[in-house]
Amino acid sequence: MQLEQINKVAMIGAGTMGAGIGLCFALAGYDVALYDVSREPLEQAKHRIESSLSAFLEEDLLGSGQAEAAQKRIITTTSMVRAMDKTQFALEAVPEGMDLKRMVFKNLEDLCTPDTILATNTSGLSITRIQDSCSRPDRVCGMHWVNPPELVPLVEVIKGGHTSDATARLVYDLAGKVGKKPVMLNREVPGFGVNRLQFAIVREALNLVEQGVMSPEDVDRTMRYGPGFRWSWQGPLETADLGGLDVFHKIASYLFEDLSDAKKPPAFFSKIVEGGRLGIKTGRGFFDYDNMDRDEILNKRDRYFIKQWKTIQGLKDS
Ligand code: NAD
């Protein structure tokens, strides 16, 4: 399969991720079939796509012609046969569960041509184990998007144990063609790249709160106005280059041994979760969201992401 041969994409699972990812493909000019097991999630997906497009229009990220054209390129279906018909690329985004994913891939293989490329948006299940259920595992790959996928530029491409170089390259190039910023993982590791990096920080953040060194508010302020502020321009390694590797090496020499190397979530965190404080969905997490509208919180965040993307795009290519 060549990149230029791909003109129709099937999204298998049209939930939180599937709807947003489908929209990205449609905005990039691909015909998209959103497949789900029943009409209800498909209707919700259509609604989510409409509201994302409205936000894009209001923020001048798109013209109305582009939004309408994208919407017309998307069909919704509860027939996998219809979704896979004349499809050159299918991306699975069904709930996280190995048995379900393996079953879905088996079904997809029964319905596609030998060179159709199949990818999974799994957050962390083994790509190799999913591939083991396939007769042509070389054309199966990980393609991990970040929520909300229509706004976050990163896409991780993960080679499973049986993924061919050509498949991984094609999926990487496809992500780029859709306007995303892909990265390649040459082999799968738990958490892939993004969650390993993110959770290294979460572990230290929890440690600082547990030790009483900082409040949750100040941990978040530190990240938002310090590292987070810089990181959309320069990643942590370029930050080190600009600061001087000798300096960073010296700091690493005394600091690494003091950083948290906890092997389990700290007890206070487990207690919060067990107590039902799950974040905005229950009204309380590390912070208090009582009397606040969940959709409004997410909408405000998404508008910020759109503004941020408008500001930074094109400023630095890599
Ligand atoms: P979701 O629950 O919002 O959506 C999953 C959809 O799949 C639902 O609409 C469900 O009806 C549908 N579905 C269930 N069984 C199906 C089947 N057999 N065939 C087709 N569709 C089926 O889940 P989500 O948050 O979109 O996550 C999907 C995948 O993406 C998971 O593997 C998840 O780990 C991964 N992921 C999620 C996020 C996130 O933040 N939500 C981020 C990155 C990756």
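Keep in mind that the numbers below use all heavy atoms, side chains included, and drop hydrogens, waters and symmetry copies. Start at 1 and go down the list; that is how both ligands and their atoms are numbered.
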Could you tell me, atom by atom, which parts of ligand 1 come under 4.0 Å of a heavy atom of [X]?
X      : result
Thr16  : 3 (O), 25 (O), 26 (O)
His144 : 43 (C), 44 (C)
Asn147 : 39 (C), 40 (O)
Pro41  : 9 (O), 11 (O)
Thr122 : 32 (O)

How close does the nearest protein non-hydrogen atom get to [atom], and which residue and atom is it?
atom                    : result
atom 29 (C) of ligand 1 : Val94 O, 3.4 Å
atom 7 (O) of ligand 1  : Pro95 CD, 3.4 Å
atom 33 (C) of ligand 1 : Ser123 OG, 3.4 Å
atom 30 (O) of ligand 1 : Asn121 ND2, 3.0 Å
atom 16 (C) of ligand 1 : Val37 CG1, 3.6 Å
atom 24 (P) of ligand 1 : Met17 CG, 3.9 Å

Should [X] be counted as touching ligand 1, given the test is an N or O pair under 3.5 Å?
X      : result
Lys101 : yes
Trp145 : no
Tyr35  : no
Asp36  : yes
Val104 : no

Results of ring-ring contact (aromatic ring centres under 6.0 Å, His included) for Phe305 - residues two or more places apart only: none
Looking at [Y] and [X], is there a salt bridge between them, counting it only when a charged N and a carboxylate O are closer than 4.0 Å?
X      : Y      : answer
Glu43  : Arg39  : yes
Lys159 : Glu188 : no
Arg169 : Asp173 : yes
Glu109 : Arg136 : no

Remaining members of the apolar cluster that contains Phe229, side-chain heavy atoms under 4.5 Å: none
Quiz item: cation-pi between Lys316 and Trp233, 6.0 Å / 45°: yes
Verdict with supporting geometry, Gln198 and Asn195, side-chain hydrogen bond (donor to acceptor under 3.5 Å, both in side chains): CA-CA 5 Å; Gln198 179 168 241; Asn195 275 330; 2.9 Å; yes
Aromatic plane relationship, Phe286 with Phe269 - under 30° parallel, 30 to 60° tilted, over 60° perpendicular: parallel
Flag for Glu204-Ser260: side-chain donor and acceptor within less than 3.5 Å: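 Checked: Ser260/Glu204 side chains show no N/O donor-acceptor pair below 3.5 Å.
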Whether Leu100 lies under 4.0 Å from ligand 1, heavy atom: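 Leu100: in contact with ligand 1 (<4.0 Å).
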